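Below: one structure, written as structure tokens.
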Amino acid sequence: MATHADALHDHHYHAPGLQHQFEDMGQQQESASIGMWMFLVQEIMFFGGMFTVYLVFRSKYPMAFAAGSNHLDAFWGGLNTLVLIVSSLTMALAVRYAQLGKRNLQVIFIILTMIFGTVFLGVKAIEYTKKYKEGIVPVAGLNMRTAKTASTHPGGRELSTRTGDTQDPRESLNTGVSESNTHETGEHSYYNPTGTFVWTDASLAAQAQQGGYLTDSEKIGYFSNGELNANKFRDKVRIFFWIYFVMTGLHALHMIIGLGVMAWLLWKAWMGTFSAAYYSPVEMSGLYWHFVDIVWIFLFPLLYLLGRHFLHGGAGH
Amino acid sequence: MAERIKTATESESHHHEEHHIVPLIYYFGVFGVLVVGTILTYYAALVDLDWIFPGANTLLALLIAFFKMGCVVLIFMHVWWSSRLIWLTAIAGFFWLAIMFAFTMQDYLTRGAGVFTG
Amino acid sequence: MQENSWVSIFPEQASTFAWEVDVLYFYLIAITVFFTVGIIAVIFFFFVKYREKEKFATGEEIHGSIALETVWSIIPFVISMTIFLGGAIIYFNQYRPPADTTEIYVVGKQWMWKMQHGTGQREINELHVPVGRKIKLTMTTEDVLHDFYVPAFRTKMDVVPGRYTTLWFEATKPGKYHLFCAEYCGLNHSGMGGYVYVMEQRDFDNWLAGSVSGQTPVQAGQDLFQNKLGCASCHAAGQNQRGAPVEGIYGEEIKLANGQTVIADDEYIRNSILNPQSQIVEGYQPIMPTFKGQVTEEQLVSLVAYIKSLSGAGGSSQTGSGSSSGGAATGGAGTSGGSDANSSGLIPRRADRGDTNSMGSNPNAPKPMSEPSNRQP
Amino acid sequence: MQNVDAINVGNIKEEPRVNYLTNGFTLKSWLLTKDHKRIAILYLVTVSAFFALGGAYASLIRLELLTPASDLLQSQTYNKVFTHHGIIMVFFFLIPSIPAILGNFLIPIMIGAKDLAFPRINLLSWYFYMAGGALTLYALLRGGVDTGWTFYTPYSTTFSNGYVMAVGLGIFINGFSSILTGLNFIVTVHTMRAPGMTWFRLPLFVWSHYATSLVMILGTPVIAITILLMALERLARIGIFDPAIGGDPILFQHLFWFYSHPAVYIMILPGFGVISELISNFSRKKIFGYEFIAFSSIAIAVFGFLVWGHHMFVSGQSIYAGLVFSFLTMVVAIPSAIKVFNWAATLYKGQISYDTPMLYALFFIGLFLIGGLTGLFLGAMGLVVHLTDTYFVVAHFHYVMVGGQVLAYLGGLHYWWSKITGKMYSEFWSKIAAIIVFVGFNLTFFPQFILGYLGMPRRYASYPDEFQVLNIFSTAGASILAIGLILPLIYLTYSIFFGAKAPANPWMLPGLEWRTASPPPTENFEETPIVTWEAYEFGEESGLDLEDARNRNKVLV
Ligand code: HEA
Ligand code: HEA
Ligand code: CUA
Ligand SMILES: [Cu+2]
């Protein structure tokens, strides 16, 4: 390995962190930063897929999204935004002091960053717990199999007897056999295929109907029984919550990974690895951390705030 | 070619002349902007702006978010002091995102809702 | 065409736009042959002419030519634009049905095609159509994606759950043509097909006469409208009706209470019945109850057909055999006269099709909670 | 500083005592290596294994289709077989083939670097590949999936009984391998070039890998999130793809093709790179229109992201969206056309020799032309309505993927074989094999164009009788093709043990990879090379001592 001759003509300062494939620290650091940025572009596209899904369904069912959003707690969301912003600041400062080669300040700011990161996750946990209690957490609440909680469900009578697959109402669609009597008289019970996600408040959709600003998909998607069908509306709200949980869940996962990176960084910094000549791990971790912050900057208004004005501003216009 | 032989790294990196130390004031400035932006976002969301056009609230929220993002990217992430390549990379990421949005929505916005079950 | 030849290389043309597609096809073949043969010939020529004279000799130094690059960017671009335009025009012919079509409803399900004629006939995996009439298929599916494909007509369309898609054609030549499912749909995808029979009008009328079973959709719809569902209590013709007029609305612009206008197409009528509150006609009260859950898909089809017939649109109202079987339009099974009209039941024609009448008995039925729930031995 | 020896080669006088192959023999020295060349070998072995498996599935497909009835395989099995074939060939063979093997091996050498920028990440990406591959294999063996490689919803989410999630997870993990490889290449090209190796002196192989890497980074994460959503939908019916509760199955197609169309360019751009090398080097002259070829790769990578909807013309997508996608599909064909014309022009006034790699390059051009031009059939909306989901599409993509990329891969493998292994393969057998592949390939897939236009749908286990004759041709062709592909396996393996020793520069070519020993030492060059010549420079400036080589060659022959 060490047979190669670059030591002979290596006139660069040979820092401790220099890896064998590089000629000098400049090259190594530039590689790291381009690499990190490429990685972030990759992350943008990863979250971007989710944002596309969000965009499609938000444009289809804006009222359901507003209703779901109003159910989120903007206080916690806002608090978390601030927490993340502070952690971004401390991270930026940690990088700065690494650049200046100040070990102690660097360590302090990394620790602060980790603390705020943890607070963020703690708040997230509080929110998730709340949602769990309200029965809108994926799998546990959104999708509990029907039988157990059927009684709490508006259409529960019918759901409780179902085994799940055999009586999907789509079956009756144009099959030409024996359907008109499977749905008993009068009250139409809408079959919720995936269980009890309880959601009865469809007032926003009613409001939008009066205001005349329902989208085409909503006109078809919310109505039944001559009026708003809370169950059908609920399914769209449920889509919102799924998107909420997937997006915030992936974000939280990134935070957790970030904390892992921070822990490693802390150890390195503690050992005094970084200096004014070699600090790119700190810088790169900082880029990652700020990126995660940016994702949240968008998630906060798009998930927590998008329907507030309906509550406060009255009925549209 | 008899041109000057230069190393690849020399020819396109400007970074190691400057370990750019950003003055503290920038960081705290951005921090202030972010906090104000967050508060602004919150209160703007409470006001009903639909009288301008439907979705005005979201647009405003996004504008603030983009501004905040700009600050973080440029200052916290040091892009302002980085090479053209980094600029390009950052922009390209969002450009591709825009492609995905635009080309997906061109389908959804030009076809009818068409959903009748459910 | 080459039915008798040893191996055919060209499919029959049996629809009005088949020839357009074929012309485009031959145009593209010409382009392909031109470029492939041309470039390969040039390469061969160079291969022979400039073969290495001496080991490790050096070729002439040529850097390139902007002029050439421009030429060979622009020429392909122009050619490709002709392809694009040709393709787009034909595509719009294929996908924008003309006004005067006869409508047939098609439902795909794993793994069969169910057709329902405007005159009441039902068929499984077979479709009888007269020659020279514009047919429009309105299609949906109960389970996964399928695709209605008749090669001889050069047209196909995916069938999407939760939506109506449409396909139209005008057959030009009597015959028996393959019908395929062209979108992968699971186990018996390759068995999900049958034939389209294109008949002379006279034969078709005979076939109709022989296989009519029960009411036509228009008749069934009329029955539902006037008696069974009581629509007429509000919509009885006359000036003082509570409900908005349904006569003559099909294809017209309807003014809604919220100021918008919509075209009264199938979806609109359907939606008016299922979700009346979502589109209130200007000048009327939102008192119409929904009929969702009370009408079946089939009854809806009939109602829509009836309302269309009030506008003189939709299927020609053939007289049926008249014996209406009690329970609405569940396709009362008459005796099926035509040998291929399999209208009396849902028995799959091919043995390998399996019993697939309901999702319950479907070996591939959804069992979302458990990964491989039904593992093959 | 200038290493005269390194430049005046073919004439590396003595072998370095240790080359990358002899630098350690333990298993650990392979499995924990950070040497890009060894990682390339790891890929070579595993990717070949996947190719053989995918080929075995292909053989089953062809055997079943020999007769109209589904007799050899029941539909149930057949559906799994073509699904496995597609998944393995696309995700575990073709996408990593040229980039992860030849690209990994050659890019650092071609630009005069000691290694890729991130050797550890390079190794990690091989482990991602292995983990994803192992998981997928496990799932396939336990029962597999029958969704088609496209995983369309709602079949995949609600109706299929297969191991959709396990296979999905396998592809998800494998995706990171792709992303990390792309990332590594981009950084390497930016920062690791040797002194004097300016952007426009880069071999076109490097340019095309740069473009490929862009696609990998920008596209792959989207398939990752798509698969995640599909798995969630399947696990818990989140509703976004489920029409019963307001979701949209077509959204899945958008997300899937957002990645998978650009992915087909991941599967051809590296091939373009190889062919550019072969054409130029074996005509012993500068490539015609270097800049145009280089930028057309970038153009393909960029515009390739704008056309995914051409897979959805009959899906129920809005017809106006179809219009836009069709138009852009035509546009994205132009850069490919530019390449083809430039290759042909390069031959003009060259000194062309007919070694096996050049044979592959010739075949590539012919087959890619047909494959690409039939792509235009499929991009023309009016025609694709008839052709989509028929065997015409199957023929189209095998012409570009097998006739294109696989032949380029084989050509490249032969071309650099001496560099990789230090041994020469049999020129005779390799020519025979190339010709067999060409004949077999055409016999297999040309009839499928006709079948497609006749209307035979794809993914059919049984088909109407009148299609049988053409299917027999196709199956016969596939057997010939298989022989043509197994031959290289034999004579290449043979050459490793019994082949003649390869000189550092058997063809007296100017590229940097030919200016180091065969096989190269671990750090690639004894001393960092300094590049003073243009790409594909055969003139005096290249520093090649052709006179001397000719003399020695006379002695040798
Ligand atoms: C390596 C992989 C690869 C490559 C390079 C391509 C290249 C192209 N492909 Fe292909 N394609 C696939 C792999 C690939 N494809 C696969 C796997 C599928 C099926 C997926 C599935 O459904 O399972 C598919 C399917 C597919 C479809 C969808 C078919 C359908 O399912 O309905 C379409 C439609 O537009 C298409 C078009 C094209 C075009 C226009 C190009 C162009 O890039 C080709 C450009 C090249 C040329 C045009 C030749 C050179 C040009 C000249 C010599 C000059 C003359 C040119 C002009 C006059 C313009 N392809
Ligand atoms: C990279 C991509 C790739 C490659 C190389 C191939 C190669 C081949 N493919 Fe495949 N194919 C696809 C990608 C590919 N295919 C895809 C994506 C689909 C669509 C799947 C779907 O619909 O979901 C498909 C579908 C498909 C079908 C259609 C199935 C259907 O729709 O019902 C058919 C039918 O003939 C077919 C045939 C073949 C044949 C005969 C080969 C031959 O070229 C194979 C020849 C190879 C061998 C016979 C292996 C022999 C070699 C060895 C054993 C030794 C090698 C080992 C070493 C070098 C170590 N393929
Ligand atoms: Cu139905 Cu394929
Ligand atoms: Cu494509």
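Per chain, numbering begins at 1; letters A, B, ... match sequence-line order. Nothing here was measured: the structure is a model prediction, and the numbers come from that model.
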Practice prompt. Under 4.5 Å heavy-atom distance to chain C, tell me which part of D:T390 shows up: side chain, backbone, both or neither.
Written response: side chain
Fill in: Heavy-atom contact with chain D under 4.5 Å, split by part of C:I29
both
Discussion item. Heavy-atom pairs under 4.5 Å with chain D: which of C:E60, C:E69, C:H189 has the most?
Written reply: C:E69
Discussion item. Test side-chain contact (heavy atoms from CB on, under 4.5 Å) on C:L137 and C:T165; report intermediate values, then the result.
Written reply: CA-CA 8 Å; C:L137 306 181; C:T165 52; over 6 Å; no
Worksheet item: Can you tell me if OH on D:Y348 sees more than 12 non-hydrogen neighbours from other groups inside 6.0 Å?
Response: no
Response to the item:
Counting heavy-atom pairs under 4.5 Å with chain D, the top scorer among C:K49, C:E20, C:E183, C:R51 is C:R51
Worksheet item: Hey, are D:H386 and C:Y149 close enough side-chain-wise for a donor-acceptor pair under 3.5 Å?
Response: yes
Item to complete: Would you mind checking which part of C:S65 comes under 4.5 Å of any heavy atom in chain D, side chain (CB onward), backbone (N, CA, C, O), both or neither?
Response: both
Discussion item. Please classify the contact between D:F377 and chain C as side chain, backbone, both or neither, with a heavy-atom cut-off of under 4.5 Å.
Written reply: both
Item to complete: For each of D:I450, D:T77, D:N79, tally heavy-atom pairs with chain C at distances under 4.5 Å, and name the one with the top tally.
Response: D:N79
Response to the item:
Per-residue tally against chain C (heavy atom, under 4.5 Å) across D:D389, D:V331, D:V385 peaks at D:V385
Discussion item. Between C:V160 and chain D, with a heavy-atom cut-off of 4.5 Å, which part of the residue counts as in contact: side chain, backbone, both or neither?
Written reply: side chain
Practice prompt. Step by step, work out the side-chain contact (heavy atoms from CB on, under 4.5 Å) result for C:Y27 and C:I79.
Written response: CA-CA 11 Å; C:Y27 176 54; C:I79 295 177; 4.2 Å; yes
Response to the item:
Checked D:K285, D:R284, D:Q74, D:K286 vs chain C; the most non-hydrogen pairs under 4.5 Å come from D:R284
Item to complete: Among C:F44, C:F47, C:F153, single out the residue with the greatest number of heavy-atom pairs under 4.5 Å to chain D.
Response: C:F47
Practice prompt. Please determine if C:D22 and C:R154 form a salt bridge, counting it only when a charged side-chain N lies under 4.0 Å from a carboxylate O.
Written response: yes
Discussion item. Need one label for C:F35: side chain, backbone, both or neither, based on atoms under 4.5 Å from any heavy atom in chain D.
Written reply: both
Worksheet item: Is chain D contacted by the side chain of C:F92, its backbone, both, or neither, given a heavy-atom distance below 4.5 Å?
Response: side chain
Fill in: Interface residue of largest heavy-atom contact number with chain D, from C:W72, C:F17, C:F77, C:F84, under 4.5 Å
C:W72
Worksheet item: Does one side chain, of D:D146 or D:Q76, offer a donor that lies under 3.5 Å from an acceptor on the other?
Response: no
Item to complete: Please check if atom OH in D:Y354 has more than 12 non-hydrogen atoms from other residues, nucleotides or ligands closer than 6.0 Å.
Response: yes
Practice prompt. Verify side-chain contact (heavy atoms from CB on, under 4.5 Å) between D:S353 and D:M358, making sure each step is shown before the conclusion.
Written response: CA-CA 8 Å; D:S353 58; D:M358 190 58 160; 6.0 Å; no
Worksheet item: Does D:R142 use its side chain to pair, donor to acceptor, with the backbone of D:Y163 at less than 3.5 Å?
Response: no
Worksheet, complete the sentence: Heaviest contributor of heavy-atom pairs below 4.5 Å to chain D, chosen from C:A88, C:P76, C:G87, C:G86, is C:G87
Worksheet entry | Test item: side-chain donor near acceptor, C:S190 and C:N188, under 3.5 Å | no
Worksheet item: Quick one: does C:D143's side chain have a donor or acceptor within less than 3.5 Å of a partner on C:Q110's backbone?
Response: yes
Worksheet, complete the sentence: Counting heavy-atom pairs under 4.5 Å with chain C, the top scorer among D:N342, D:I370, D:V145 is D:N342
Worksheet item: Can you say whether D:S326 sits under 4.5 Å from chain C via the side chain, the backbone, both, or neither, judging by heavy atoms?
Response: both
Worksheet item: With a 4.5 angstrom heavy-atom cut-off, which part of D:L323 approaches chain C: side chain, backbone, both or neither?
Response: both
Fill in: Proximal component of C:Q94, with respect to chain D [non-hydrogen, under 4.5 Å]
side chain
Discussion item. For chain C, which candidate among D:F449, D:F538, D:F288, D:Y290 shows the most heavy-atom pairs at distances under 4.5 Å?
Written reply: D:F288
Worksheet, complete the sentence: Checking D:D355, D:I352, D:L347 against D:F282 for side-chain contact (heavy atoms from CB on, under 4.5 Å), the one that qualifies is D:D355
Worksheet item: Which region of C:V48, side chain (C-beta onward) or backbone (N, CA, C, O), has a non-hydrogen atom less than 4.5 Å from a non-hydrogen atom of chain D, or is it both or neither?
Response: backbone
Worksheet item: Of the options D:F159, D:Y152, D:Y155, which is the one that meets C:Y184 in a ring-ring contact (aromatic ring centres under 6.0 Å, His included)?
Response: D:Y155
Worksheet item: Among C:L145, C:T166, C:V42, who wins on heavy-atom pairs under 4.5 Å with chain D?
Response: C:L145
Worksheet item: Given a strict heavy-atom distance threshold of 4.5 Å, which part of C:Y25 is in contact with chain D: side chain, backbone, both, or neither?
Response: both
Item to complete: Ignoring hydrogens and angles, state whether a donor on the side chain of C:H178 or D:E466 is under 3.5 Å from an acceptor on the partner side chain.
Response: yes
